[in-house]
2 protein chains.
Amino acid sequence: MTRRGYYAAVDWGTSSFRLWIIGEDGSVLAERRSGEGMTTAAKTGFHAVLDSHLSAVDAPPHLPVVICGMAGARQGWKEAGYVDAPAALAAIAGKAIAVPDVDRDIRILPGLAQRDGRCPDVMRGEETQLLGATGMLGRGRYLVCMPGTHSKWVRLCDETVEGFSTFMTGELFEVISRHTILSHAVADAEAIEADDSAFLYAVARAKDSPALATNMIFAVRAGQLLHGVSAAEAKARLSGTLIGLEIAGALASVESVDGICLVGSGRLGALYRAALESQGFALQLVDADEAVRAGLSAAAQTIWPV
Amino acid sequence: MTRRGYYAAVDWGTSSFRLWIIGEDGSVLAERRSGEGMTTAAKTGFHAVLDSHLSAVDAPPHLPVVICGMAGARQGWKEAGYVDAPAALAAIAGKAIAVPDVDRDIRILPGLAQRDGRCPDVMRGEETQLLGATGMLGRGRYLVCMPGTHSKWVRLCDETVEGFSTFMTGELFEVISRHTILSHAVADAEAIEADDSAFLYAVARAKDSPALATNMIFAVRAGQLLHGVSAAEAKARLSGTLIGLEIAGALASVESVDGICLVGSGRLGALYRAALESQGFALQLVDADEAVRAGLSAAAQTIWPV
């Protein structure tokens, strides 16, 4: 590195690893991305994975590291616990735990927990995205949608998480596509485009009739048998049905909000944007990658003030 | 066989094979059950599986055989097509197809198809159960619930199927239990009892708030992480959520009926009975095994009148 690194920021999810070297002026000096998420690192060693990426960008030996995500889970590197919701996002950095017995200062940020007996819920990683997103949103009461394997819908007021709900949309899409009678119907289908009419129709139908979701999913298979529905259309219908069901559920329990904020990126972000806008919602958009980096930076500045 | 067989009746599903030898007086002379369903028989040969069971009960060489279920699917023994709904159940026997190039008279009954573009649907095997059930129910307009891997809810008027809806409840329960983040939460749980309070609570909650189904499923995992919910309770909640969602959907699109009929058997039948009765529905109960045998008998008597 030609310029001096201030800290390394790591977003360490279940199946992905991303690292940025941040300079004293806040600029990104280097970036690494890999598939060495928690699942892989739990076998090969978290320390070894982190060191290999730090070495690859010639990071100084004592550069501190701030980490969010599943590295802090019980089955991760070092359990980082949870901050209980309702939670001020600024409190996250203060609850970071230090990884013991390592030769540099490595902190893992906690997740958020909602201990409500009826709707228990947890997040790890998204709280750091939210911390970053609050710097980009104005004050107010927002409903924040964070699509993913386990999509989060967060009731955010100023910089406080009042509560949140996880929908298992992405994981259900995966297991239904791979392991059920629909696997043949969707096999080898290309990625869904955000303006796909079958996708948007399924979103609308599941949002309006969420109780029929598992019937609509079977109808994808029946449509293939009876009407020769293509794999692309089958995949779009399955995805639209699950996302429409999620939207119905996320909005069912919400009173007034100033706006809906979508924290997304890439193809999945585009699908959620199209789904929500087709249902008449005006969105504030925050890039998920920028949000997590901003959140890690905010935490780093609290932990290691200049 | 000491008494003379009239015909063999076979219910050949995806994963199960059941055969009964029926005497001229309608009595069951012999019975066979095995796991050689369509999936197995497609590899080992349908003819060989059938012959081995007929031999095992010393069936006469020319005893005719009537079959319902997945043996008539495209990927089965010989495709038996569909009768289109609305359909008079008595029409099924007339549409049976004969298996060619075999040394006995073997007929496979067709399934039912609903070609409606919005709600395409199919069944194979349940139409024969329905044919049998109509002989046990009085005339009238019934909503018939047939639990299973792909649960069917059928709008039956006298002996005509007006329409039906499949819910992928059983298969979703299986893949969520085996292949998602819930797999650890439900691992090694014992079978759910029908009076399990966690099961009945989840049924009620999903029926009242179907849009929250995939959130409730994630909450099973979060409840385990935060509150140490047991595997037995996790499994009961997952099952109750999916069955409650199904009940909400099945009832959403139905106008008045004279009654709800549950065609079930065993543990799954008991769970559905408890779920529906806990929601205030009075049920007429029909044993699924008796119904399919009665349906096969009715078809046999049409195909081979004495």
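Chain A is the first sequence line, chain B the second, and so forth, proteins listed ahead of strands; every chain is numbered from 1.
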Asks: Could you check whether any side-chain N or O of B:N215 sits under 3.5 Å from a backbone N or O of A:T166, counting only pairs where one atom can act as donor and the other as acceptor?
Replies: yes

Asks: Where on B:R118 is there a heavy atom nearer than 4.5 Å to chain A: the side chain, the backbone, both, or neither?
Replies: both

Asks: CZ of B:R273: more than 12 outside heavy atoms within 6.0 angstrom?
Replies: no

Asks: State which residues pass salt bridge (Lys or Arg N to Asp or Glu O under 4.0 Å) with A:D208; sequence neighbours excluded, sorted by chain then number.
Replies: none

Asks: Between B:Q114, B:R205, B:K207, which has the largest tally of heavy atom pairs under 4.5 Å with chain A?
Replies: B:R205

Asks: Apply side-chain contact (heavy atoms from CB on, under 4.5 Å) to A:L225 and B:Y82, showing your working.
Replies: CA-CA 11 Å; A:L225 279 174; B:Y82 299 104; 3.8 Å; yes

Asks: Only pairs of heavy atoms separated by less than 4.5 Å count here; which of A:S165, A:A206, A:A211, A:S151 has the most with chain B?
Replies: A:A211

Asks: Which of the residues B:L251, B:I217, B:T180, B:L245 is involved in the greatest number of heavy-atom pairs with chain A at under 4.5 angstrom?
Replies: B:T180

Asks: Please find the pair of heavy atoms, one from A:A222 and one from B:P120, that lie closest to each other, and give the distance.
Replies: CB-O, 3.3 Å

Asks: Contact part of B:I181 toward chain A, heavy-atom cut-off under 4.5 Å: side chain, backbone, both or neither?
Replies: both

Asks: Please look at A:D116 and chain B and tell me whether the side chain, the backbone, both or neither of the residue comes under 4.5 angstrom of a heavy atom of that chain.
Replies: backbone

Asks: Can you tell which part of B:Q75 gets under 4.5 Å to a heavy atom of chain A, answering side chain, backbone, both or neither?
Replies: side chain

Asks: Most heavy-atom pairs under 4.5 angstrom with chain B, which of A:R115, A:E246, A:E174?
Replies: A:R115

Asks: Going by heavy atoms in the side chains, are B:L172 and A:I176 under 4.5 Å from each other?
Replies: yes

Asks: To the nearest 0.5 Å, what is the distance between CZ on A:R178 and NE2 on B:H179?
Replies: 10.5 Å

Asks: Quick check on the interface: out of A:T169, A:L212, A:T14, who has the most heavy-atom pairs with chain B under 4.5 Å?
Replies: A:L212

Asks: Identify the heavy atoms of B:K152 and A:F218 that sit nearest to each other, and give their distance.
Replies: NZ-CZ, 4.0 Å

Asks: Please state whether the side chain, the backbone, both or neither of B:L226 comes within less than 4.5 Å of a heavy atom of chain A.
Replies: both

Asks: Which one wins on heavy-atom pair count under 4.5 Å against chain B: A:T149, A:V175, A:V229?
Replies: A:V175

Asks: Which atoms of A:L182 come close to chain B, meaning under 4.5 Å heavy atom to heavy atom: side chain ones, backbone ones, both, or neither?
Replies: side chain

Asks: Do the non-hydrogen side-chain atoms of B:M216 and A:F167 ever get within less than 4.5 Å of each other?
Replies: no

Asks: Please look at A:H150 and chain B and tell me whether the side chain, the backbone, both or neither of the residue comes under 4.5 angstrom of a heavy atom of that chain.
Replies: side chain

Asks: Does anything in residues 223-248 of chain B form a ring pair (Phe, Tyr, Trp, His ring centres under 6.0 Å)? List the pairs, not counting sequence neighbours.
Replies: none

